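Here's the structure, in structure tokens; my notes come after.
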Protein chains: 2
Amino acid sequence: MKLNTKSRYAVMALADMAVFSRDNAVSLRDISLRQGISLLYLEQIFLKLKKNNIVKSVRGINGGYILIKTPKELKILDILLALDQKVKTVGCKKDSKKSCNGKSTKCITHNFWDELDFHINSFFENKKLSDLLKNKEARH
Amino acid sequence: MKLNTKSRYAVMALADMAVFSRDNAVSLRDISLRQGISLLYLEQIFLKLKKNNIVKSVRGINGGYILIKTPKELKILDILLALDQKVKTVGCKKDSKKSCNGKSTKCITHNFWDELDFHINSFFENKKLSDLLKNKEARH
DNA sequence: CAAAAACTTGACTATTTTAGTCGGGTATAT
DNA sequence: ATATACCCGACTAAAATAGTCAAGTTTTTG
């Protein structure tokens with residue numbers, strides 16, 4: 001039950017941008033230094049974020065990336081989907097024909113996994129990037 | 001964001017037992033046939049379920065496994081833990097010393113991942129095996 | 001214009017995890 | 001006795017993951 005590091009770093013990098021950008025583009029080099037993430041790896045991640053319209057890029061000197069939406073509007077779910085991190089915890093259910101374990105009938109636990117996925121999905125759907133920043137140093 | 005098949009099959013097999021046992025032991029062979037799970041694989045899974053006191057075994061002819069708790073009492077979380085399926089979606093946090101990304105300070109997204117884990121954990125904690133059986137054919 | 005900063009992109013690879021099998025046991029009811 | 005069913009460690013093929021590399025292109029600034 002793990003999230004891949006790409007998704008994790010993506011959220012981390014975007015949170016960094018939300019904190020440090022003041023309308024200016026934020027370079028991957030800066031994010032890399034601040035968050036301790038490999039620059040090469042960040043490049044790969046931002047490629048996907050760009051393709052999925054989470055950020056836009058500015059080339060050349062003083063270039064970098066800019067959030068397309070405000071942190072208040074940006075759902076965490078959108079970030080995960082951009083990194084191909086689907087919330088589908090279990091294989092059974094692809095299509096409705098031969099759904100579970102190769103059989104044509106729904107398996108005994110089918111609805112339970114559906115519920116689980118829905119539960120997790122809702123969490124990511126309701127959380128916005130701005131929510132991460134609030135409690136940065138709050139709590140205990 | 002996937003559950004491994006061992007956990008999935010474990011839940012499935014235990015649900016099967018809950019449905020088909022009438023105080024008698026349920027053999028893995030029967031579960032294998034009914035649920036379409038490899039017998040050899042089931043053996044591996046039940047070894048862990050036994051070690052973690054989810055089931056007890058009866059050897060010899062007419063042997064099999066018996067649920068230790070009633071389906072109403074058996075938390076799904078206990079099943080997952082028995083299969084080493086920890087709900088810890090992200091690497092940062094092992095110990096409190098050098099927690100995130102090798103750094104000594106909590107990463108910017110740390111609390112968020114904690115919340116996520118808590119959210120998922122609660123789900124598994126509150127769901128009992130008996131809950132899976134109720135809505136087997138219910139809903140839509 | 002030249003050079004440097006920074007984005008662009010596909011391919012590649014080592015490591016780890018996963019899913020599942022195999023073989024050779026042991027216990028027990030009939 | 002023997003068949004059934006649990007017991008258990010070791011093994012392996014395949015897939016996923018994490019991350020690197022190479023070779024660009026674009027744009028700003030001096």
Side-chain angles (χ1 to χ4, degrees), chain A residues 1-10 12-13 17 21 24-33 35-52 54-68 80 83-86 88-92 101-102, chain B residues 1-10 12-13 17 21 24-52 54-68 80 82-86 88-92 101-102:
Chain A
M1 204 70 185
K2 280 225 174 340
L3 212 65
N4 62 23
T5 59
K6 269 184 192 154
S7 306
R8 178 185 156 203
Y9 287 161
M12 212 164 160
M17 285 178 69
S21 90
N24 52 311
V26 179
S27 73
L28 295 189
R29 188 174 154 279
D30 286 352
I31 298 177
S32 168
L33 289 173
Q35 303 300 332
I37 305 170
S38 147
L39 175 59
L40 290 163
Y41 208 25
L42 278 176
E43 285 182 350
Q44 231 190 84
I45 291 166
F46 273 76
L47 205 65
K48 295 204 175 197
L49 291 176
K50 191 189 171 190
K51 271 186 190 152
N52 287 277
I54 309 288
V55 296
K56 59 188 173 188
S57 66
V58 180
R59 302 187 91 170
I61 268 183
N62 291 324
Y65 289 92
I66 298 175
L67 288 170
I68 289 182
L80 300 187
L83 274 294
D84 308 316
Q85 182 72 248
K86 301 239 179 57
K88 177 160 32 163
T89 51
V90 138
C92 63
N101 230 11
Chain B
M1 204 71 184
K2 279 225 177 337
L3 213 65
N4 62 24
T5 58
K6 268 184 191 155
S7 306
R8 177 184 157 203
Y9 287 161
M12 213 163 158
M17 286 177 69
S21 90
N24 52 311
V26 179
S27 74
L28 294 190
R29 190 174 153 279
D30 285 352
I31 298 176
S32 168
L33 290 174
R34 279 193 296 256
Q35 303 301 331
I37 305 170
S38 146
L39 175 60
L40 290 163
Y41 208 25
L42 277 176
E43 284 184 351
Q44 230 190 85
I45 291 167
F46 273 75
L47 209 62
K48 296 205 173 196
L49 291 176
K50 191 189 172 188
K51 270 186 189 149
N52 288 277
I54 309 286
V55 296
K56 59 187 173 187
S57 65
V58 179
R59 302 186 91 170
I61 267 182
N62 291 326
Y65 289 93
I66 298 174
L67 287 169
I68 289 182
L80 300 186
L83 274 296
D84 309 315
Q85 181 73 245
K86 302 238 179 54
K88 179 160 30 163
T89 51
V90 138
C92 64
N101 230 12

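Chain naming here is simple, since letters A, B, ... match the order of the sequence lines and numbering starts at 1 in each. Because only heavy atoms are used, hydrogens play no part in the values below, and waters and symmetry mates are left out as well, while side chains stay in. This is a predicted model, so every value here is computed, not measured.
- A donor-acceptor contact shorter than 3.5 Å links the side chain of A/Asn52 to the backbone of A/Lys48.
- There is no side-chain donor-acceptor pair under 3.5 Å between A/Tyr41 and A/Ser32.
- Rounded to an integer number of Å, the gap from B/Leu39 CG to C/dT21 P is 10 Å.
- At a threshold of 4.0 Å, the pair B/Asp84-B/Lys6 does not count as salt-bridged, since none of the basic side-chain nitrogens sits closer than that to a carboxylate oxygen.
- With rounding to the nearest 0.5 angstrom, the CG atom of A/Leu28 is 9.5 Å from the CD1 atom of A/Ile45.
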Under 3.5 Å, which N/O atoms of the protein pair with N/O atoms of nucleotides 27-30 of chain C?
unit_1 : atom_1 : unit_2  : atom_2 : d
C/dA27 : O4'    : B/Arg59 : NE     : 3.4
C/dA27 : O4'    : B/Arg59 : NH1    : 3.1

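- Straight-line distance from the CG atom of B/Leu49 to the C1' atom of D/dC7: 14 Å, rounded to whole Å.
- In this structure, A/Glu43 atom CD and D/dC21 atom C1' are separated by 11 Å, rounded to whole Å.
- One can place CG of A/Asn24 at 15 Å from C1' of C/dA5, the figure rounded to the nearest angstrom.
- For C/dG20, the OP1/OP2 oxygens have a side-chain nitrogen or oxygen of B/Thr5 closer than 4.0 Å.
- The side chain of A/Leu40 has D/dT20 as its nearest neighbour among D/dT20, D/dA10, D/dC7.
- Contact annotation: B/Ser57 reaches the phosphate of D/dC7 (side-chain N/O to OP1 or OP2, under 4.0 Å).
- In this structure, CG of B/Asp30 is placed 12 Å from C1' of D/dT4, rounded to the nearest angstrom.
- Spacing between atom CG of A/Leu47 and atom C1' of C/dC7 amounts to 9 Å, rounded to whole angstrom units.
- Checking the phosphate oxygens (OP1, OP2) of C/dA19, no side-chain nitrogen or oxygen of B/Lys6 falls inside 4.0 Å.
- Within 3.5 Å, no donor on the side chain of A/Gln44 pairs with an acceptor on the base of C/dT9, nor the reverse.
- Atom NZ in A/Lys48 sits roughly 12 Å away from atom P in D/dA18 (whole-Å rounding).
- For A/Tyr65 and C/dT8, the shortest distance from a side-chain N or O to OP1 or OP2 is below 4.0 Å.
- Taking only side-chain nitrogens and oxygens, B/Lys50 comes nearer than 4.0 Å to OP1 or OP2 of D/dC7.
- Taking the six-membered ring where tryptophan is involved, the planes of A/Phe46 and A/Tyr65 are tilted, since the angle between them lies from 30° to 60°.
- Considering NZ of A/Lys2 and CD of B/Gln85, their distance stands at 8.5 Å, rounded to 0.5 Å.
- Between the P atom of C/dG20 and the CG atom of B/Leu42 lies a distance of 11 Å, rounded to the nearest Å.
- Once rounded to the nearest 0.5 Å, the distance linking CG of A/Leu80 with CZ of A/Arg8 reads 13.5 Å.
- Checking the phosphate oxygens (OP1, OP2) of D/dT20, a side-chain nitrogen or oxygen of A/Ser38 falls inside 4.0 Å.
- Residues A/Tyr41 and B/Arg29 each lie close to DNA chain D; by heavy-atom proximity, the contact nearer the 5' end of the strand is made by B/Arg29.
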